Amino acid sequence: MKDINVLREKMGVYFVVGTQDCGYSIERTEEIVREALQGGVGTLQLRDKGSNLLADERYELGRQLQALCREHGTLFFVNDDVELAVRLQADGVHVGQDDMKLSDVRNAVGPDMYIGVSAGTVEEALAAQAGGVDCIGVGAMYATSSKADAGEPIGPAGLRAIRDAVGSDLPIVGIGGITADNAAEVIRAGADGVAIISAISRASSPQEAAIALQGIVRSV
């Protein structure tokens with residue numbers, strides 16, 4: 001069953017990852033995820049973009065990552081691929097502004113799966129809220145090379161405007177160019193958590209990077 005309070009808590013450090021972030025290696029992806037979960041990542045999103053994985057290979061990768069998440073009490077989301085999210089019975093699915101209509105996503109995944117939506121403006125955030133989403137990913141917060149479709153950075157001020165518009169009840173995670181150096185700014189602007197790609201996937205120790213980010217998020 002969905003519990004928004006649990007979602008809000010688990011979103012503190014939200015790791016977004018695919019094989020493209022891990023040398024296009026399934027084995028390396030699983031290794032990095034395992035280390036990140038040991039560091040306390042509360043939500044994991046499988047976002048496999050631009051790889052050559054076949055559908056069955058992506059499903060198998062998702063199944064392995066989902067199993068790791070269950071071992072650590074971590075929520076498991078799938079990016080964009082509603083069919084895969086349903087097949088895996090993931091905890092959640094995250095879609096962009098140009099993906100399926102929210103009503104179609106909800107019909108496909110049922111009432112118990114979390115739905116997250118990307119939003120870069122107040123208008124997009126309010127539309128997502130009206131459509132019944134469970135959380136929004138706001139960004140890009142800062143310039144990033146990890147997500148080609150991230151758009152122009154909106155910064156903490158942009159996130160604060162979105163938080164003020166949607167109120168305090170809707171969980172928000174900031175994404176885009178977030179590191180240990182600027183994560184606190186994102187939380188102070190009104191985010192419940194920070195979505196991280198390269199600051200964990202490219203860290204010399206994903207576990208230590210996740211631990212450090214958890215400490216920052218909890219201290220703000």
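Owing to the predicted nature of the structure, the values given are computational and were not obtained by experimental measurement.
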Test item: [X] side-chain N/O and [Y] main-chain N/O as donor-acceptor pair under 3.5 Å:
| X | Y | result |
| --- | --- | --- |
| Asp134 | Ile115 | yes |
| Asp112 | Lys2 | no |
| Tyr114 | His94 | no |
| Gln129 | Val166 | yes |
| Glu124 | Gly120 | yes |
| Thr29 | Val17 | no |
| Thr43 | Lys10 | yes |
| Gln20 | Arg47 | yes |

Tell me whether [X] is salt-bridged to [Y], with the criterion being a basic N under 4.0 Å from an acidic carboxylate O.
| X | Y | result |
| --- | --- | --- |
| Asp192 | Arg163 | yes |
| Asp56 | Arg63 | no |
| Asp21 | Lys49 | no |

Is the ring pair Phe77/Tyr14 parallel, tilted or perpendicular, if the boundaries are 30 and 60 degrees? tilted
Check whether any side-chain heavy atom of Met113 lies under 4.5 Å from a side-chain heavy atom of Val93, and answer yes or no. yes
If you draw a 6.0 Å radius around CD in Glu57, do more than 12 non-hydrogen atoms from other residues or ligands fall strictly inside? yes
Please lay out, stage by stage, how Arg160 and Arg188 fare under the test side-chain contact (heavy atoms from CB on, under 4.5 Å). CA-CA 9 Å; Arg160 169 55 65 190; Arg188 283 195 289 266; over 6 Å; no
